[in-house]
Peer 1: 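Handing you this structure, nothing more for now.
In what follows, every heavy atom counts, from backbone to side chain, and hydrogens, waters and symmetry copies are set aside. No experiment lies behind these values; they were computed from the predicted model shown. Chain A is the first sequence line, chain B the second, and so forth, proteins listed ahead of strands; every chain is numbered from 1.
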Protein chains: 4
Amino acid sequence: MDYFNAPGRNHLFVPGPVNIPDQIIRAMNRNNEDYRSPAIPAMTKTLLEDVKKIFKTTTGTPFLIPTTGTGAWESALTNTLSPGDRIVSFLIGQFSLLWIDQQQRLKFNVDVVESEWGHGAKLDVLESKIASDTSHTIKAICIVHNETATGVTNDLAKVRQILDSYQHPALLIVDGVSSICALDFRMDEWGVDVAITGSQKALSLPTGIGIVVAGPRAIEASKHAKSLRVFFDWKDYLKFYQLGTYWPYTPSIHLLYGLRAALNLIFEEGLENVIARHSRLGKATRLAVEAWGLKNCTQKEEWYSDTVTAVLVPAYIDSTEIVRRAWKRYNLSLGLGLNKVAGKVFRIGHLGNLNELQLLGCLAGVEMILKDVGYPVKLGSGVAAASAYLQDTIPMIPSRI
Amino acid sequence: MDYFNAPGRNHLFVPGPVNIPDQIIRAMNRNNEDYRSPAIPAMTKTLLEDVKKIFKTTTGTPFLIPTTGTGAWESALTNTLSPGDRIVSFLIGQFSLLWIDQQQRLKFNVDVVESEWGHGAKLDVLESKIASDTSHTIKAICIVHNETATGVTNDLAKVRQILDSYQHPALLIVDGVSSICALDFRMDEWGVDVAITGSQKALSLPTGIGIVVAGPRAIEASKHAKSLRVFFDWKDYLKFYQLGTYWPYTPSIHLLYGLRAALNLIFEEGLENVIARHSRLGKATRLAVEAWGLKNCTQKEEWYSDTVTAVLVPAYIDSTEIVRRAWKRYNLSLGLGLNKVAGKVFRIGHLGNLNELQLLGCLAGVEMILKDVGYPVKLGSGVAAASAYLQDTIPMIPSRI
Amino acid sequence: MDYFNAPGRNHLFVPGPVNIPDQIIRAMNRNNEDYRSPAIPAMTKTLLEDVKKIFKTTTGTPFLIPTTGTGAWESALTNTLSPGDRIVSFLIGQFSLLWIDQQQRLKFNVDVVESEWGHGAKLDVLESKIASDTSHTIKAICIVHNETATGVTNDLAKVRQILDSYQHPALLIVDGVSSICALDFRMDEWGVDVAITGSQKALSLPTGIGIVVAGPRAIEASKHAKSLRVFFDWKDYLKFYQLGTYWPYTPSIHLLYGLRAALNLIFEEGLENVIARHSRLGKATRLAVEAWGLKNCTQKEEWYSDTVTAVLVPAYIDSTEIVRRAWKRYNLSLGLGLNKVAGKVFRIGHLGNLNELQLLGCLAGVEMILKDVGYPVKLGSGVAAASAYLQDTIPMIPSRI
Amino acid sequence: MDYFNAPGRNHLFVPGPVNIPDQIIRAMNRNNEDYRSPAIPAMTKTLLEDVKKIFKTTTGTPFLIPTTGTGAWESALTNTLSPGDRIVSFLIGQFSLLWIDQQQRLKFNVDVVESEWGHGAKLDVLESKIASDTSHTIKAICIVHNETATGVTNDLAKVRQILDSYQHPALLIVDGVSSICALDFRMDEWGVDVAITGSQKALSLPTGIGIVVAGPRAIEASKHAKSLRVFFDWKDYLKFYQLGTYWPYTPSIHLLYGLRAALNLIFEEGLENVIARHSRLGKATRLAVEAWGLKNCTQKEEWYSDTVTAVLVPAYIDSTEIVRRAWKRYNLSLGLGLNKVAGKVFRIGHLGNLNELQLLGCLAGVEMILKDVGYPVKLGSGVAAASAYLQDTIPMIPSRI
């Protein structure tokens, strides 16, 4: 059934779906169950409580929707907005582009603020729009925390500060797909009204749960939003939450057990330690890129992403060939350049349940491939730069001392 | 993590999610993969071809949507219809009720034809509506092939015959959630325009794929349908089918491998053998019910369902208590009575990858529970009736002879 | 790779290897590990402590040998005895026969006390031998607690009483392969000097660990026993126990994690509850056999086994055909009659992590097969008898109430 | 249950137990089965045929014994030799030492030929012994193909040549535990009479099968060998081979399915490709060691092992600390120095189902650890040396082109 039987493990370094830890694979290795028995609601209750912790919210209401990130986007938008509503949305890469496409197809009035790919959201433009919108025609700000296509992290605290300084009531809707559980994300502190992520990203599960967390203002907005919705309607969930049975339709038993295991793993390591680990692996990757003499697609340090690095290749190289060779010769999965940066960047995903030696193996592979395709890299140079940094910062694992 | 550790296996006899065969559990026991590598599209291609076989269509286009049956319903409706469109829809139990609720919330003009619960769809009413609709205001007929709440199977061939005899162009949209892969379902022969099922039903997978197959007229209709849709839009799939990459957004790698294994199992047993097995297990269950002196919720033999049997209990018994005790004392999961038949019926699901002895174990359990709750059942009577029939009809397993 | 793809689950009712609970399957679903890391010794320490509990000993020393029951026998004998040593050994069925064959090939002087198959060990003969052995030429008594071939349980307390009443120092060496963790076994109270079991029996693991527990007198004997042994030598284990690394050679990482899960399951259910459950399932099986009008191979009630029932068939039926048909038509695995009772008995194993409905499914299957082969059984009769008894005695599962 | 929850995967680089490929983990993820059903013998038949291929023998008889390498040794010796028989045995490291200890405890007359650790077997000494043994008092030559403790591979072709040139009939008994399936091993061509390996080595399974293959002369010898044996006796296997049921006692169902998957993987990759891959990974490791300025414990190139490299550390470093830190800080499992080389070497196992990037990740880890413990290594140097070589020699994976 397998397409290939290359020896050894696949080295999975796309920015999602990411590696699933063995503990989660084990937890999902099971038969179906009746989701109406007392066991599943009891587990769901703990999941809903614990999911809030990774969003750093105490006031939010989580929805674990059997869908993908695309569906989670749709749920966030249709529950809070009405057709024709004006929203400000930032186009900074392929995933923000797709989200904007969705926003437009859902008939919102999208005020697109575009940046060059590799740049962050233009928050100065946001500020001027907010400043001038004294009649509050802007109903929502839609922004990706981390643009997976270019490896750009936006400054959400700054967005909140802008809204607050003008006391603007627009909802703040955040795509945290490639950030939450990996980057520092603070739903309550930053006044995020809706935040979403997907199970196959930093949570390290298979695809299949779109996690949407709605703050109190979003829940209030959902009572009046006129966008049509049924499958994605929060109302049905809220009704079953009241009943204590939790599910308006059939959830994946496997993903629930998997999510339980995923949350356990995160809490055991400590959420702050998880975030610090991503920070270290992200910086190590950037040091390797620098050592290779290559440029980061991300144009300023303030936007550097700790979950994905998009690496620019010289014009004489086709980055698609790098990704192709990685898979064919080295059993290494890298991310393609998408759309405007197709052929120009390849991407190293470094999110999820990874450790240092996994990353270094990947970097060693990238060096060989770069040389394969004619780039004059010094083998070992990226590994040396990354490991010098990692060695200084790697913590002892307490349970093993 | 487990809520309970009752000894032995859980006996899963709800009408979905159903038991997952070991071969499928094994196939899904794996890490994530890059869905943009050549391997996943290559596998997807075979899945799309093979899924058509279980719908018995050569002209349909399948969509494997990361959603549940509820989402598959929405996909079927929003891609083919526009708000305000008149549809005829049959209310015969809880699942057709929920579908109608969805249809109404999606702003269709729903012409509801209600039956008493336990009865099939009123096809005579359909005929009169079709006969009188000479201006073709009816855009679609929505019907469940098998109503999971009452164990009623509708006669789809008859529906097609009615439409044909009046040369009525209404689309025929069928919920085959608890029928396809278990009951005889003939998409092309019956002129079904859209048919849907869910992975957690007769395919014996976890929840997570809503399978929608669209016939040529439905694909044509989708070009003009004005219902807003993004996540559920077939257009995005069709675009990626053209590209040969197949996925507009991230699929579950696990469910793809699982579906491959599920289809392999079905083809190895033979689809007709699978259907015959369901027919035998269904009849055996009904013989047991009869032996117990209980009534089938389904009021006429022509509607008997081979995937689920809803059993009426005497008025002095609360069927909810039967389901509760089944789980608590016997590690047996039965289906509750829902809505109008809550407390009045319990349901035995007999669909998916089941065999005779599993069913007989379940029936033996039901007998004990019936006695527990005060019903004067003769222990062994249902098992005797069921096994007498099964013994006469059970085939030798060819690969074992 | 699978030989067969019969639909549904295999019903495994041989008296070993037995069904593995899902929790154990999950625990073993993993990669290898370095058994010299700190993690494996730490886990091993808990296993050795906890294994003693299921043998009901505080003074015994357990050895978890990478072998089968046959190897565990050899370890018990060669560590405690010298070639030429006189031992009294009871031949009551195929497994005691095989053990005696081993004893003879290891050059012990075996004093065989034979019973008819279906009878227990002749303890009166033992008493007379012990009584007359005033010079203590008998070095050991070898006895199976439960003879798996005939379903006969011997009275070990009585054996101890005989030895004690004559103050005879012979070692008491017990094969508890199909008893320990299922029947009441009391190593310390009964003064058992060496007891063994295998992982694939009541512990519900795969084959691969021969568990040998040696009491203080056995450990003492091992210092002087002259039988050659290396792989099976306790000395090497004891040396590594002292070092705290535990393993003289490579253990199966999988079976260690599996054993940890198995012991956890037993302690969660409660060892006494596990034993009571076996008692109930054993009695239910015998009631079914009686209802069918068939005889138990075990000739007296005092010897009835709660882990396996050997059922005698009429002379005009070949029991081998019953087992063959069970597998071919019903996906049911029953035990063959062995050696002297080949063709005359078939065996139902009812040990390990089983529950009531699993057993009743098996019994329903046996009824159909009996009818298939021409025995005039009344279908449902055995199920009725068994379930009447089970219903009265089944406990509520506390964690589910 | 897990001792640790360090993030990411464990990097397993001990020379056994080795990494288990996912395909094998999946194949073993199952319930027990009746090993007396027709399915298991049918599978066993294919296993016995296919195991011969990896030993490169057509005339050998394989035994798949539920034991470890230590038990396989004992089986090889006790079936072919009698107490007092003179054997020539080479002591070149910890594992040959342990085997010699076993030989002595089994009462053979062991003529030990000792080398310094790090050197190969003294074949010149063998030649002189053989030359002078005109009366053929030497009954067997016992030699490890690959000494796992020091990373030394002996020249078996040369051993055969010595025996042949003197027409000496001594049996040639080879420990291939860390060679077979990884190094070039030619049972028939080299006239090996008994060869053994263990499932947890290059076959990449869990521990639990000791594979012993006996050539025709060994089978003949087994008819006359007087060493006591029961569990390890080939006679019992041969009897059941005749019967077509294959198993004198219960095998591990899981390891049989695992072995089937393991052999399939090896044949899919191609045995010669597997061997070539080990050769490339072995050389890459040695190039890294050289780049670090460290010495290989193996003293001459002719003895270099392609499955394990023992690395000598400077006197001021304790190699045990390297192994300890690898596990604690980097989730990396390395092999300890044993006995005479304890504290002086650490070992990198590079056998089994591994690929280039896994090895490079390990090497990058070793570099950091070396620096941690005060050795002035240049980070990246070993990775550079290894990857330069690997890049030139890595094949395209045909199924992926």
Side-chain angles (χ1 to χ4, degrees), chain B residues 2-11 19 21-23 25 29 264-265 268-269 273-274 277 291 325 327-332 352-365 367-369 371-372 378-388 390-391 394-397 399-401, chain C residues 2-11 19 21-23 25 29 264-265 268-269 273-274 277 291 325 327-332 352-365 367-369 371-372 378-388 390-391 394-397 399-401:
Chain B
D2 291 347
Y3 184 72
F4 59 90
N5 275 319
R9 288 190 60 80
N10 174 251
H11 300 264
N19 293 287
D22 287 355
Q23 293 94 330
I25 290 178
N29 183 44
N264 290 352
L265 274 180
E268 280 170 30
E269 187 176 356
N273 292 335
V274 170
R277 177 164 53 75
R325 282 194 166 239
W327 194 74
K328 277 174 56 182
R329 290 195 79 181
Y330 299 94
N331 214 344
L332 169 64
N353 197 270
L354 275 183
N355 61 29
E356 293 77 13
L357 269 53
Q358 286 174 280
L359 180 66
L360 293 172
C362 166
L363 297 176
E367 294 181 352
M368 290 191 286
I369 301 158
K371 208 172 154 195
D372 272 350
K378 183 159 167 265
L379 291 180
S381 59
V383 170
S387 59
L390 288 171
Q391 190 192 23
I394 198 167
M396 281 283 176
I397 298 160
S399 70
R400 296 186 161 196
I401 294 172
Chain C
D2 290 348
Y3 184 73
F4 58 90
N5 275 319
R9 288 190 60 81
N10 173 252
H11 300 264
N19 293 287
D22 287 355
Q23 294 94 329
I25 290 178
N29 183 44
N264 290 352
L265 275 180
E268 279 169 31
E269 186 176 357
N273 293 334
V274 171
R277 178 166 51 75
R325 283 194 166 239
W327 194 74
K328 277 175 54 183
R329 290 196 80 181
Y330 299 94
N331 214 345
L332 168 64
N353 196 270
L354 276 182
N355 60 29
E356 293 76 13
L357 269 53
Q358 286 174 280
L359 180 66
L360 293 172
C362 166
L363 297 176
E367 293 181 354
M368 289 192 285
I369 300 158
K371 207 172 153 196
D372 271 350
K378 182 160 167 267
L379 291 180
S381 59
V383 169
S387 59
L390 288 171
Q391 191 193 22
I394 199 167
M396 281 284 176
I397 298 160
S399 69
R400 296 186 161 194
I401 294 173

Peer 1: Please identify, among C:V383, C:L379, C:L357, the residue contributing the most non-hydrogen atom pairs under 4.5 Å to chain B.
Peer 2: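 The candidate making the most pairs under 4.5 Å is C:L357.
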
Peer 1: Would you give the length of the straight line joining atom CG of C:L390 to atom CZ of B:R329, rounded to the nearest 0.5 angstrom?
Peer 2: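 Here the rounded value is 10.5 Å.
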
Peer 1: Below 4.5 Å, heavy-atom pairs only: which of C:G352, C:G361, C:A386 has the largest tally toward chain B?
Peer 2: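 Top count of heavy-atom pairs under 4.5 Å with chain B: C:G361.
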
Peer 1: How many angstroms lie between CD1 in B:I394 and NZ in C:K328, if you round to the nearest 0.5 Å?
Peer 2: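 Result: 12.5 Å between the selected atoms.
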
Peer 1: Restricting to salt bridge (charged side-chain N to carboxylate O under 4.0 Å, His left out), what partner residues turn up for C:D22, sequence neighbours left out?
Peer 2: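 Here the qualifying residues are B:R9.
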
Peer 1: Taking the side chain as every heavy atom from C-beta outward, state whether C:M368 and B:L360 have any pair of such atoms under 4.5 Å apart.
Peer 2: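 Side-chain contact under 4.5 Å: yes.
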
Peer 1: Does the C:N353 side chain pair with the main chain of B:P7, one donor and one acceptor, at a distance under 3.5 Å?
Peer 2: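 No.
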
Peer 1: Go through the atoms of B:D372 and report whether side chain, backbone, both or neither lie under 4.5 Å from a heavy atom of chain C.
Peer 2: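 For B:D372, backbone and side chain are both near chain C.
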
Peer 1: Between B:N355, B:I25, B:L354, which has the largest tally of heavy atom pairs under 4.5 Å with chain C?
Peer 2: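 Most pairs with chain C among the choices: B:N355.
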
Peer 1: Considering only heavy atoms, which portion of C:K371 lies under 4.5 Å from any heavy atom of chain B: side chain, backbone, both, or neither?
Peer 2: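 Contact with chain B: backbone and side chain both.
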
Peer 1: List for me each residue that meets salt bridge (charged side-chain N to carboxylate O under 4.0 Å, His left out) alongside C:E356, sequence neighbours excluded, and say none if there are none.
Peer 2: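 Here the qualifying residues are C:R280.
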
Peer 1: Quick one: of B:C362, B:S387, B:A388, B:A364, who has the most non-hydrogen atom pairs under 4.5 Å with chain C?
Peer 2: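 Among B:C362, B:S387, B:A388, B:A364, the one with the most close pairs to chain C is B:S387.
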
Peer 1: Between B:A384 and C:G380, what is the shortest heavy-atom contact and its length?
Peer 2: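 Where B:A384 meets C:G380 most closely, the heavy atoms are CB-CA, 4.0 Å.
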
Peer 1: Identify which of C:L359, C:N29, C:N273, C:N19 forms the greatest number of heavy-atom pairs closer than 4.5 Å to chain B.
Peer 2: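 Among the listed options, the one with the most contacts to chain B is C:N29.
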
